[in-house]
Amino acid sequence: MNLSEALFPNPFVGTSGPDDNGTASASANRTRFSPCHNFSIPTEVFLALGIVSLVENALVIAAIARNRNMHSPMYCFICSLAVADLLVCLSNAWETIAIALVHGRHVHIPARILQHVDNVFDSFICISVVASMCNLLAIAVDRYVTIFYALQYHSIVTMRRAAVVIACVWAACVVSGTLFITYWDHRTVIVCLIALFVTMLVLMASLYAHMFALARSHAQRISAQPRSSRQGQQNGAASLKGAVTLSILLGVFVFCWAPFFLHLTFIISCPANPYCCAYIAYFPLYLLLIMINSVIDPLIYAFRSPELRVIIRDTLRKCGRGRGRGANGTRGSSCCCVQVR
């Protein structure tokens, strides 16, 4: 098994036929790297999670895009994070559909093309994880400035600067995702990906620790100012609540993505160890956790943000009314959720 198969096992290997050499090679790889039983998850589970994540993140993106009150830097970063979650669910769902079609022999695709298709899906996963980490870091910096530089926040964090940051993040993600898949045969690629994950976690943990340690004293200093003591307390409480929400997002991200990066660590550190091989054998479970993360994130937005929850409810009502008018033949109206997709 080469480094690419260890990082993202090719699900299309051995699909050309029972006499194909790919089957024997795949069997040999499983024997070498997975001495335990092979762990698999039903295709329907991935498809169901992909559909749920698609609907949830599309609703979040539509709600933020339609409401002018949410056209702020923080919600722009949240919308960018929702796009990254959307990319995860779409890539995994399409890959699941492609695997089902190829394994069911509904379509016949040459092995070389299958390898390119698999590389595209793997690249999307790399892009989404880097985008998620960068957006979470950007949100952490935004909350940090909100708490410790509240009076200068609107002059420091502007919509134009937020747009530039988001554009740079996605440009860097596309480049890094392409490089990760192009140079899969270099062990340094996995080391860099793991180092990026650890570095981002350390930076975000440091920011949040500093925020929670000094948020109370900072709110007290603002409240001591004349004419704005009550407003200062409200802003401090709202900023602290936003930091708590994003801390929950960070915790869920670590819980869902850490097993995947531990998988990568074992790949480069102890691929022949029986215990490491037993952990590596559960790779589909780690992909499932990644998809669960894209399902949980929109729920956190909705439960922690009353304004976003109300907008999503109104969006669903308008979608229902639009379908009802179209069915009665009085007036056709397309749902905003479909427009976002």
Please, which pairs that meet side-chain hydrogen bond (donor to acceptor under 3.5 Å, both in side chains) have at least one residue in residues 169-178, sequence neighbours excluded? Ser80-Trp170
Does atom CZ of Phe124 have more than 12 heavy-atom neighbours, drawn from other residues, nucleotides or ligands, at distances under 6.0 Å? no
State whether the number of non-hydrogen atoms from other residues, nucleotides or ligands found under 6.0 Å of His71 atom NE2 is greater than 12. yes
Kindly check if Cys270 and Cys276 bring their SG atoms closer than 2.5 angstrom. yes
Heavy-atom closest pair, residues [X] and [Y]:
| X | Y | value |
| --- | --- | --- |
| Met74 | Tyr153 | N-OH, 4.4 Å |
| Asp142 | Pro73 | OD1-CB, 4.0 Å |
| Ser294 | Glu56 | O-OE1, 4.3 Å |
| Cys134 | Met200 | SG-CE, 3.9 Å |
| Tyr75 | Ile64 | O-CD1, 3.7 Å |
| Leu49 | Val295 | O-CG2, 3.7 Å |

Flag side-chain contact, heavy atom, 4.5 Å: [X] against [Y]:
| X | Y | value |
| --- | --- | --- |
| Phe260 | Phe283 | yes |
| Ser91 | Ile125 | yes |
| Ile292 | Val252 | no |
| Ile290 | Val129 | no |
| Asn273 | Cys277 | no |
| Phe253 | Ser132 | yes |
| Phe197 | Leu264 | no |

Can you give each donor-acceptor pair under 3.5 Å made by side-chain atoms of residues 156-168, sequence neighbours left out, with the distance rounded to 0.1 Å?
{"unit_1": "Thr158", "atom_1": "OG1", "unit_2": "Arg161", "atom_2": "N", "d": "3.3"}
{"unit_1": "Arg161", "atom_1": "NH1", "unit_2": "Ser155", "atom_2": "O", "d": "3.4"}
{"unit_1": "Arg161", "atom_1": "NH1", "unit_2": "Ile156", "atom_2": "O", "d": "2.6"}

Which distance, rounded to the nearest 0.5 Å, do you find between the CD1 of Ile61 and the CD1 of Ile78? 12.0 Å
Determine the interplanar angle of the Tyr286 and His263 rings, folded into 0 to 90°, and report it as parallel if under 30°, tilted if 30 to 60°, perpendicular if over 60°. tilted
